[in-house]
There are 4 protein chains.
Amino acid sequence: MLPTDLPALSAHEPVNLQIYRALRQCIVNCTLLPGEAISDKEISEQFGVSRQPVRDAFIKLVGAGLIQVLPQRGTFVMKISPKRVLNGRFIREAVEVAVARNAADKISDEQLLALAANIEQQKLAAARNDTARFLALDEEFHTTLSRSIDCIEAWELIEDIKAHMDRVRYLSLGEITSLQMLIAQHAAIVHALRSRDPAMAEEAMRSHLREINLSFGPIRERNPDWFEAE
Amino acid sequence: MLPTDLPALSAHEPVNLQIYRALRQCIVNCTLLPGEAISDKEISEQFGVSRQPVRDAFIKLVGAGLIQVLPQRGTFVMKISPKRVLNGRFIREAVEVAVARNAADKISDEQLLALAANIEQQKLAAARNDTARFLALDEEFHTTLSRSIDCIEAWELIEDIKAHMDRVRYLSLGEITSLQMLIAQHAAIVHALRSRDPAMAEEAMRSHLREINLSFGPIRERNPDWFEAE
Amino acid sequence: MLPTDLPALSAHEPVNLQIYRALRQCIVNCTLLPGEAISDKEISEQFGVSRQPVRDAFIKLVGAGLIQVLPQRGTFVMKISPKRVLNGRFIREAVEVAVARNAADKISDEQLLALAANIEQQKLAAARNDTARFLALDEEFHTTLSRSIDCIEAWELIEDIKAHMDRVRYLSLGEITSLQMLIAQHAAIVHALRSRDPAMAEEAMRSHLREINLSFGPIRERNPDWFEAE
Amino acid sequence: MLPTDLPALSAHEPVNLQIYRALRQCIVNCTLLPGEAISDKEISEQFGVSRQPVRDAFIKLVGAGLIQVLPQRGTFVMKISPKRVLNGRFIREAVEVAVARNAADKISDEQLLALAANIEQQKLAAARNDTARFLALDEEFHTTLSRSIDCIEAWELIEDIKAHMDRVRYLSLGEITSLQMLIAQHAAIVHALRSRDPAMAEEAMRSHLREINLSFGPIRERNPDWFEAE
DNA sequence: GTGGTCTAGACCACC
DNA sequence: GTGGTCTAGACCACA
């Protein structure tokens, strides 16, 4: 079920894009649960638009692997596929490790400062237990790395992978790996970059991405129907 | 301009998907040239369908970065962005090197045989100078590697990156790195996998992907309007 | 367009079967023209039933190759495919020649008498120029042959083939090969059977089936859109 | 009883068609035994769909003579009718002999090569005792012949006939005419075609089809309830 | 109750 | 808004 307090549609941005982002947001933070049925007609009425922009948004969501359209059956939020998440993590590690290695050479001093500032804010968010804010900062942290080697494409790619990983995170809020540990890992990465040491940067990034909480176990046992059959 | 001998639309598959594949094919092999204008209306008439499925296909092509929709201006085949291609190659290397490393442990004997058979066919294609066939075999070769570590997600990702790299390849047909060399590199990868040596597999894959001909130089000078301004 | 004077639906026979026969009849005698669009909804309203039994009838008509269902496009009366008709004639010749050959041995005297009587009635129908009646008798003639060798399956097979041949016949009513000639050929077949001469029976049947008017020429020129593109 | 490991339903193909094929397969290879009762409700539950697409599949199966619907009694897998199988063989002989005769003139050199390659694979399958693979190759062999005279209609017809013959074959696996002999007969057909000798091709095909093992004897004695009462 | 048949309504994709 | 497909539910006949 969609939240009743939908974001108002802004004027001069394509409607389909706004709907895409809204739906994506709802799916990633599990406001729309895995396996739940959604209907273009219903959504179009809730937003007060025609079905067309909703259809367009659906196509993009299919492209991101977040929904599944079964012709003549219905449209459903993709269930969480453990294999897909694990494979996603594998790919993400491959890419971000290479990014970190390169960044050790190329990152500018300004960007290093920005990363340090970001970490300070992470600490604040952690202190207030503001997980949403923390995740946003985390995202910005990694984006900055990709930007530092002038390879924004890397982040675009990872964004789709991350969406699937984040669904698990949101479901396991509270059981999540301690924010303190994540912050320490981020700091280690920045330290390696500041030392201009590619090998250390690679290693820091690798252990960071390996640490990410992927213990589906407890969540899956409580809600097996949110996960895809093997 | 679309080829006049369009593939007939099959009955039991969504029309939008069929059109997506047809257009993608035309863009990748440069039947539709970079920067060329395309129109949903015109295409819908050529296929004998309504504009809707063509619009759907356009959305997916935008997602793959192959076309660009300028509101109130028109729709255009993306010009080749050297930076995008180079960054794509960087990402691809990161992922496929990790794939190769893992495959050294996990690949089955059957799959090793399939790779060997594939290389034999590559030699045949090279002997007949059948470049299209060679590229298809190359694609199958790399797909098999991803499948061998049970991570088709890796290949799905690379497919979109590869589309941009392949446009350059098609334009530089003839100037392409000698097929013999590519075949030798493929053989080296298989050799490393058969030896179950991750480091060797990584190195073989890395040098293979670095070797790939991406010298825009001559093509770009002859046809500067196929490339994006920096 | 369906005829307005639809046959009333009888009480205790499945509705879908009655509709199947009605539609088949309309298609074979070209009341429903080749290529014409038909809709389950419209037909269901004309018969005063729901869409379901019409759908059931459609499935059977697809099985007989008389209509074509294009998902998400519509349902259409199959255009006449010259190749299909010709190939059908080829198959029919193969089967019925074998039937005739066998019948020379196995046919009973009673059945021979029935055939002779049938031919007499054909003469009457021809004299009154009652083509519909003639075609019904022709059908009975051939059915009797299949029954004579206890192989009703042969006729069931030919029935579907014949439906396509008959569409051409109905369109070329008047230009049809003279009924007299057909009657003479039937008589020749009976003569051969009565003589218990397999070779003669085979030859009589073969020349009969070769004689069948299949000159699409004039009809096709007048109505090219009733015929499938090659 | 249906196998428990049903094929997953694919997204972009009508459900009824997928179910039709699955059931047909089960009937032909006698996973569903002759005379066994099947129920649309039960099947719909096993596939996780409603009864409607199963009903659609049933209609097609009735058209192919593979199941029997007794109103108010139930739906049953057709028992094997010896007469039907024998008459089917008779019709198949008539058609395929004519096909072979024509193919001697019309078959292309490529198709002759394909047939030769097919026979080689038959030998491999026979060596591994892989009967299922052999039957698939056999099917492809005969299909190629029909295609060679541009008459796939012939094969479509035979396919339904063959389904009934194959049920007997599957039941008599092991007692089947030696694969070696069948391969030799296939080779003889190819030889005749390569010699462009219609009479020889006809004779080779005729003796091939006469040789096919259709001895109900032992099977019928052991399982009389799989066969129709005369 | 079971099984065959029919009705009404919903949804996706295309016009 | 339409057409093709699927779902859910009702009815009737037979056991």
Side-chain angles (χ1 to χ4, degrees), chain A residues 37-45 50-52 54-56 58-59 62 67-76, chain B residues 9 11-19 40-41 44-45 47-57 59, chain C residues 9 11-19 37-45 47-59 62 67-76, chain D residues 9 11-19 37-45 47-59 62 67-76:
Chain A
I38 55 179
S39 120
D40 55 357
K41 193 175 178 185
E42 184 183 329
I43 292 172
S44 67
E45 287 165 358
S50 83
R51 285 167 57 189
Q52 193 57 48
V54 180
R55 268 177 55 74
D56 292 356
F58 275 20
I59 293 174
V62 168
I67 68 173
Q68 190 179 15
V69 174
L70 299 183
Q72 272 67 43
R73 308 282 303 266
T75 300
F76 305 88
Chain B
L9 297 180
H12 285 307
E13 192 186 17
V15 181
N16 62 39
L17 223 168
Q18 300 184 53
I19 292 178
D40 55 356
K41 191 174 177 188
S44 66
E45 287 166 357
F47 278 101
V49 298
S50 79
R51 285 169 60 184
Q52 191 57 47
V54 179
R55 267 179 53 77
D56 293 355
I59 294 174
Chain C
L9 295 180
H12 284 305
E13 188 187 19
V15 182
N16 61 38
L17 224 168
Q18 300 182 55
I19 293 178
I38 57 179
S39 122
D40 56 357
K41 193 175 177 186
E42 185 183 328
I43 292 173
S44 67
E45 287 165 358
F47 278 101
V49 297
S50 83
R51 284 166 61 187
Q52 193 56 47
V54 181
R55 267 178 54 73
D56 292 355
F58 276 19
I59 294 174
V62 169
I67 68 173
Q68 190 178 15
V69 174
L70 300 182
Q72 271 68 41
R73 308 281 305 263
T75 300
F76 305 89
Chain D
L9 296 179
H12 286 305
E13 194 185 15
V15 181
N16 63 37
L17 223 167
Q18 299 183 54
I19 293 178
I38 56 179
S39 119
D40 55 357
K41 193 175 177 186
E42 184 183 330
I43 292 173
S44 67
E45 286 166 358
F47 278 102
V49 298
S50 79
R51 284 169 57 189
Q52 193 55 50
V54 180
R55 267 179 51 75
D56 292 355
F58 276 19
I59 294 175
V62 169
I67 68 173
Q68 192 177 13
V69 175
L70 301 182
Q72 273 67 42
R73 298 284 303 279
T75 302
F76 304 88

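Here is how names work: the chains are called A, B, and so on, in the same order as the sequence lines, proteins then strands, and each is numbered from 1.
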*Within a strict 4.5 Å, meaning less than it, do heavy atoms of the C:Gln52 and D:Gln52 side chains meet?*
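With C-beta onward as the side chain, the pair touches.
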
_Pairwise side-chain contact, A:Asp56 with B:Arg55, heavy-atom cut-off 4.5 Å (strictly under)_ =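 Sidechains of B:Arg55 and A:Asp56: in contact.
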
_Categorize B:Arg55 for me: base, sugar-phosphate, or nothing, with a 4.0 angstrom heavy-atom threshold over every strand shown._
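No contact.
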
*Contact class for A:Arg73 (heavy atom, under 4.0 Å): base, sugar-phosphate, or nothing?*
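Result for A:Arg73 = sugar-phosphate.
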
[atom2] on [Y] to [atom1] on [X], rounded to 0.5 Å:
X       : Y       : atom1 : atom2 : answer
C:Asp40 : C:Arg51 : CG    : CZ    : 4.5 Å
C:Thr75 : C:Ile67 : OG1   : CD1   : 5.5 Å
C:Ser39 : C:Phe76 : OG    : CZ    : 11.0 Å

*State, to 0.1 Å, how close C:Ser44 and C:Ser50 come at their nearest heavy-atom pair, and which atoms those are.*
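Smallest heavy-atom distance, with atoms named: CB-O, 3.4 Å.
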
*When you match D:Ser39 and D:Gln52 each to their closest nucleotide on DNA chain E, which lands nearer the 5' end?*
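Closer to the 5' end of DNA chain E: D:Ser39.
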
_For the backbone of C:Val62 and the side chain of C:Gln68, can you confirm whether one donor and one acceptor N or O come within less than 3.5 Å of each other?_
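No, C:Gln68 side chain to C:Val62 backbone: no donor-acceptor pair under 3.5 Å.
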
*chain A on DNA chain E: first and last contacting nucleotide, 5' to 3', under 4.0 Å to a heavy atom?*
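Range of nucleotides touched by chain A: E:dC12 to E:dA13.
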
*Given C:Val15 and C:Phe47, is the side-chain contact (heavy atoms from CB on, under 4.5 Å) satisfied, shown in steps?*
CA-CA 10 Å; C:Val15 182; C:Phe47 278 101; over 6 Å; no

*Bracket notation of DNA chain E in which parentheses pair within the strand, [ ] cross earlier pairs, and | pairs with another strand (Watson-Crick or G-U, under 3.5 Å)*: ||||||||||||||.

